[in-house]
Amino acid sequence: MRNEKSTQDVALGIRRRVFEHAMKNNGGYLSQACSAGEQLAWLYNEELKLGDPTLPPIPKPFAGVPSADNPDYHTGAGYNGPMEPQFDRLFIAPAHYALVAYATLIEVGRMAPEGLEMFNQDGSSVEMIGAEHSPGMEVHNGTLGIGLSTAAGLAYGRKRRGEPGRTWVFMSDGEVQEGQTWEAVQAAAFHGIDTLYAIMDVNDQQCDGAMSSVMEVGDIKQKFITFGAACVEIDGHDIQAMRDAVNEPHEGRPLIILARTNPFNTMPILEERFPRLHYVRFKSEDERARMNVSIAKDLGVEPIDYGH
Amino acid sequence: MVEMVTRPYASAFEKYAAGNPDILCLSADLTSSCEVDGFRDRHPDQFISLGMAEQNMMSFAGGLGLAGFRPFIHTFGVFMYRRPYDQLMASIAYPRRKVRLMGFLPGVTTPGGMTHQSIEDISVMRSIPNMTILETGDATEVESICEAADSIDGPVWCRILRGSVPRLFDTPIKVGEMRELASGQDVLVVTTGICTEEALRARSALAKAGLSIRHLHIHTIKPFDPAALLDHIESVRHGVITLENHVTEGGVGSLVAETMADAGVGKRLIRLGLKDTYAHGGSRPYLMRYYKLDALALVEGIEQLTGQQFGISEDDLDAARVEDVHTLVKAEAL
């Protein structure tokens, strides 16, 4: 697929779509769009080697969970293109970033804008917490910590089969509180799985508030290095820094890119909600109206008409 | 004299897996305890050490399944589901990955006490959609479980016996079938795993006492077709007794109870197994006596079911086989 927009424009488009959605629905994962916009835009618009989508632009309804007697079952991986040896694969480990991921699929032309209107609607595959049948998703990642392990297994298997495609994980920093993350890194390092790549949105936020107040995790970069990975820390809003980071030599080791981000980047009014940014539900009509005007101005769009 | 087979899984797994490039042998630091050390040494290219990190191992295996491999995970059963239950569910069971979960030391077959004894695994696995459950009761079943498990289009939970294992049967596991070991008309005895051998020990004494036993051994616990079981229940006069190396809640006793209730069968049922209790450390014969999982417990249960006293004592039962407690076969311990 051709890159018709700059990555910066894709990031802006992601934020505009998430903003519009949050305004219309009186809340949403706004902060995640602020912190992760550039990372997902960069992955889809530049870095990932993906084939054309194999699923229709407008997502099909929920078609049942995997079972021996459900022949209609499918995952949402088709929005990332076919699972062929030469192509990359991507797991969105923090599945609550789904709204941002869906917005990314729309911005890069892999899903129709109408797809977002199905978000969190009963019977829809465009689920609030991305399921494996949701657009762009391939496996369940609703519990944090399992994404990197699954990707490590897939990457090991693909490498064993001689497939050139890489296996990528988009992660969140809260996941480093899960022991499984460290189990995954040590296993990937021990087995030399260097086709495993992760970019982590280090926004210092988690459900209960700032990570420093919930569970201090220390020097993440040093921890990853100690556990055997190659690790680069960058400004997560600097797209050129991502381009450079992915070139970090890491033979025999997975590469983890720590993208330090600002959870209210481009929407400074969200700082009023700090440290409770995990899911922004407007507390009053006044707050909703003020944020509508402020964020619209920052994103260069008209305020959203949600009064219906 | 019952033939005893030493480390039947070791040779069976190697025979089945070697040369099959889509099968990978995963281990979590219990490689020789799970009898795959020889396979590791002779087929290192098919062996993946994942260390004492079961949560990662479950999801990693799910990723291997996604890449088209069929991982056989080897560890003690209890370590395979208690800590990494969420990973087992999300990465293996839900997406129906072809991961074969080889759980060693089922129930009280270890002196390791609560932390090592998987006493509720069948109950847990029965409640997991997409999961198949197989349990071995003798050396022949251990020898045939790799092929049986690998024939399943989805994840499989296997209870594996190790060390010195008796040979009771001469035909391999046929998934979905049950073994009819006796076809009497008075009482239906349903057993699984190591409890089948206990039931065999009691049979001749019960026959001498004039009781006609119908005996079923179940190796495929899920999926379970109730039709054959219901026919057997129909064929007996007094009712049904189950004996299992597991808690009675959710295990084979529950399976039989549910089958009877669903079909509206009004016969009596007695379920023997661990009764809402953990076990503690000890030898297998000691634990089976203490928790009433052995042949004598079965006789006592049948007395209760029939309202008859048979006057059978331990001395009247066929000899309990004496395990070769030798470090090479690891009949017990790690």
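Naming convention: chains lettered A, B, ... in sequence-line order (proteins, then strands); numbering from 1 in each chain.
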*With chain A, which of B:P71, B:P129, B:G68, B:P84 has the greatest number of heavy-atom pairs at distances under 4.5 Å?*
B:G68
*Assess whether atom CD of A:E84 is packed by more than 12 heavy atoms of other residues, nucleotides or ligands within 6.0 Å.*
yes
*chain B contact via A:V65 - side chain, backbone, both or neither, heavy atoms under 4.5 Å*: both
*asked:* Using 0.5 Å steps for rounding, measure from the CG atom of B:L66 to the CZ atom of A:R89.
replied: 5.0 Å
*Nearest 0.5 Å, what's the CZ-CZ distance between B:F69 and A:R158?*
11.5 Å
_Can you tell me which portion of B:R83 sits under 4.5 Å from chain A's heavy atoms? Options are side chain, backbone, both or neither._
neither
_Please rank A:A188, A:A68, A:A187 by heavy-atom pairs under 4.5 Å with chain B and give me the top one._
A:A68
_Minimum side-chain heavy-atom gap B:N130-A:S67 below 4.5 Å_ = yes
*Pick from A:G179, A:A184, A:A155: which one has the most heavy-atom pairs with chain B under 4.5 Å?*
A:A184
*Could you walk me through whether B:D22 and A:R161 pass salt bridge (charged side-chain N to carboxylate O under 4.0 Å, His left out), step by step?*
CA-CA 10 Å; B:D22 287 342; A:R161 293 195 187 286; 3.2 Å; yes
*What part of A:A151 gets closer than 4.5 Å to chain B, counting heavy atoms only: side chain, backbone, both or neither?*
neither
*asked:* How long is the straight-line distance from CH2 of A:W182 back to CG of B:N56, given to the nearest 0.5 Å?
replied: 13.0 Å
_Chi angles and distances behind the side chain to side chain contact (heavy atoms under 4.5 Å, CB included) call for A:R160, B:L24_ = CA-CA 11 Å; A:R160 191 179 172 88; B:L24 297 173; 3.4 Å; yes
*Would one find more than 12 heavy atoms of other residues, nucleotides or ligands at under 6.0 Å from atom CD of B:E147?*
no
*Check whether A:E163 gets within reach of chain B through its side chain, its backbone, both or neither, counting any heavy atom under 4.5 Å.*
neither
*Which pair of non-hydrogen atoms, one from A:Q186 and one from B:A53, has the smallest distance, and what is that distance?*
NE2-CB, 4.2 Å
_Below 30° counts as parallel, above 60° as perpendicular, anything between as tilted: where do the rings of B:Y94 and A:H140 land?_
perpendicular
_If you compare all heavy atoms of B:S91 against all heavy atoms of A:T150, which two are closest, and at what distance to 0.1 Å?_
OG-OG1, 3.8 Å
*asked:* Is there a side-chain hydrogen bond (donor to acceptor under 3.5 Å, both in side chains) between B:S59 and A:Q180? Walk through the geometry before answering.
replied: CA-CA 9 Å; B:S59 297; A:Q180 186 179 3; 3.0 Å; yes
_Choice from B:D86, B:L50, B:D153 maximising heavy atom contacts with chain A below 4.5 Å_ = B:D86
*asked:* In the structure I gave you, are the side-chain heavy atoms of A:V139 and B:R97 within less than 4.5 Å of one another anywhere?
replied: yes
*Heavy-atom pairs under 4.5 Å with chain B, option from A:G142, A:G145, A:G147, A:A152 with the top count*: A:A152
*Hey, what do you get for CD1 (B:I48) to CZ (A:F190), rounding to the nearest 0.5 Å?*
11.0 Å
*Are any of the side-chain heavy atoms of A:L154 and B:L64 separated by less than 4.5 Å?*
no
*Is any side-chain heavy atom of A:I146 less than 4.5 Å from a side-chain heavy atom of B:Q55?*
no
_Distance, nearest 0.5 Å, that separates CD of A:E183 from CD of B:E54_ = 7.0 Å
